[in-house]
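For reference, the structure is listed below as structure tokens.
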Amino acid sequence: MNILTFDIEEWFHILDNDSTKTINEWNHYESRIYANMERIFNFLDTIKVKATFFCLGWIAETYPEIVKEVVSRGYEIGTHTTMHQLIYEQSPQVFAQDLERSIKTLEDITGKKAKYFRAPGFSIRTDNRWVFDILLSQGIEIDSSIFPAPRAHGGFPSYNAVEPSILQYDGLKLKEFPINYTMILGKPFIYSGGGYFRLFPYSCIKHWTQKTSYLMTYFHPRDFDAKQPKIPALPFMRTFKSYIGLSSAFTKFQKLLTDFKFIDIAEADKMIDWEKVRTITV
Ligand SMILES: [Zn+2]
């Protein structure tokens, strides 16, 4: 199964960088979210594919029309936290408050319970597993934050599976849709979203997608915005990951969506026999 998801955030929501870290910095940048969402909406309309959108609470508070548009078009919405901070830099209390705020904002706009979650930068690691407890206590039923390989923001290599599973933490259970990777020369490579998707040629992405039985994508509106301003003085790797392949990314994305069948998380959830998947204790 190939699952289509987006993280709704602005072009300046770049992690690990002081000039894009908080609302004090965000207020200095122009907004590009409407045009960038419209590009995605228009294409999804054309191909009639459903997707799941993980929306920042800050976006929902600032531009509630975006959330209304997602819902009125029949797409699902989940939370990507309110303020897009790396969770392992937060205390459990601060994270819980931020999550609660995002859920309430989304519910106030949509009238529905937000039950899907994705962490900014996939920032759940073994040392902040307490996140799962908070997710469950706030009514989150499905998580898509596990990055089952080492990465700059942490990652969760001990999850050690590229398939949906029941994640068990401290006796609690949560449905998990991890990001997937492919092995190249014995190393895991991510290719299904963000800078990694923009970096690899389409022929590789197509080949890896054909080979896998599970693909979890994670696109951002900025991934397809070749005209976005460049944040000055980003560290080299962050510049590379933020801006590589922007001009060809949307064509690549259109090809992927045309060559393969995609579904949203709700559809995937229905298709999976949760009694039969692996239970992974973290
Ligand atoms: Zn994000």
Side-chain angles (χ1 to χ4, degrees), residues 3-23 25-26 29 31-33 36-37 39-40 51-63 66-67 70 75-90 94-95 98-99 101-103 105-106 114 116-125 128 131 135 140 142-147 149 151-156 177-180 190-199 216-225 228 231 234-235 237-244 246 249 253 265:
I3 306 172
L4 183 60
T5 77
F6 297 85
D7 299 349
I8 308 184
E9 56 193 54
E10 274 282 14
W11 63 276
F12 48 77
H13 284 128
I14 295 174
L15 292 160
D16 266 349
N17 174 57
D18 286 347
S19 64
T20 51
K21 194 170 171 66
T22 71
I23 195 163
E25 289 78 47
W26 303 346
Y29 298 118
S31 171
R32 301 178 67 83
I33 195 71
N36 285 341
M37 288 304 295
R39 183 188 292 114
I40 293 168
T52 300
F53 292 85
F54 293 97
C55 187
L56 269 194
W58 180 82
I59 291 277
E61 290 170 10
T62 317
Y63 308 107
I66 298 275
V67 176
V70 168
Y75 303 125
E76 302 178 290
I77 204 137
T79 169
H80 191 42
T81 74
T82 301
M83 298 306 279
H84 206 250
Q85 300 299 304
L86 291 166
I87 302 176
Y88 54 74
E89 291 182 349
Q90 294 178 305
V94 169
F95 171 71
D98 176 281
L99 178 69
R101 178 172 153 195
S102 72
I103 291 173
T105 307
L106 292 173
Y116 303 153
F117 176 77
R118 175 168 291 149
F122 305 103
S123 54
I124 303 182
R125 314 188 295 201
N128 62 347
V131 172
L135 293 178
I140 297 293
I142 291 180
D143 176 61
S144 183
S145 308
I146 290 283
F147 192 98
R151 71 182 257 113
H153 299 307
F156 210 110
F177 284 90
I179 297 303
N180 62 294
I190 307 290
Y191 58 94
S192 60
Y196 299 98
F197 178 79
R198 286 185 269 109
L199 171 67
M216 170 56 77
T217 58
Y218 65 101
F219 296 106
H220 308 84
R222 70 165 170 275
D223 285 333
F224 312 126
D225 181 5
Q228 65 188 282
I231 302 282
L234 283 183
M237 273 314 285
R238 192 111 317 263
T239 304
F240 184 71
K241 281 188 187 166
S242 297
Y243 303 125
I244 182 129
L246 283 173
F253 168 73
I265 288 185

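If you're wondering where the values come from, they're calculated on a predicted model, not measured in any experiment. Numbering of residues begins at 1 and proceeds along the displayed sequence. One-based numbering, in listed order, for ligands and for the atoms of each.
With hydrogens and angles left out, the side-chain atoms of Tyr63 and Ser31 include a donor and acceptor closer than 3.5 Å. Between the side chains of Arg125 and Asn128, not a single donor N or O lies within less than 3.5 Å of an accepting N or O. Side-chain polar atoms of Thr52 and Glu76 form a donor-acceptor pair below 3.5 angstrom.
Put simply, the side chain of Phe53 does not reach to within 4.5 Å of the side chain of His80, judged on heavy atoms.
Protein N/O/S atoms found under 2.8 Å from the Zn ion (ligand 1), listed by chain and residue number: Glu9 OE1, His80 NE2, His84 NE2.
Partners of Gln228 by side-chain hydrogen bond (donor to acceptor under 3.5 Å, both in side chains), not counting sequence neighbours: none found.
For Tyr196 and Tyr191, the ring centers are positioned 6.0 Å apart or more.
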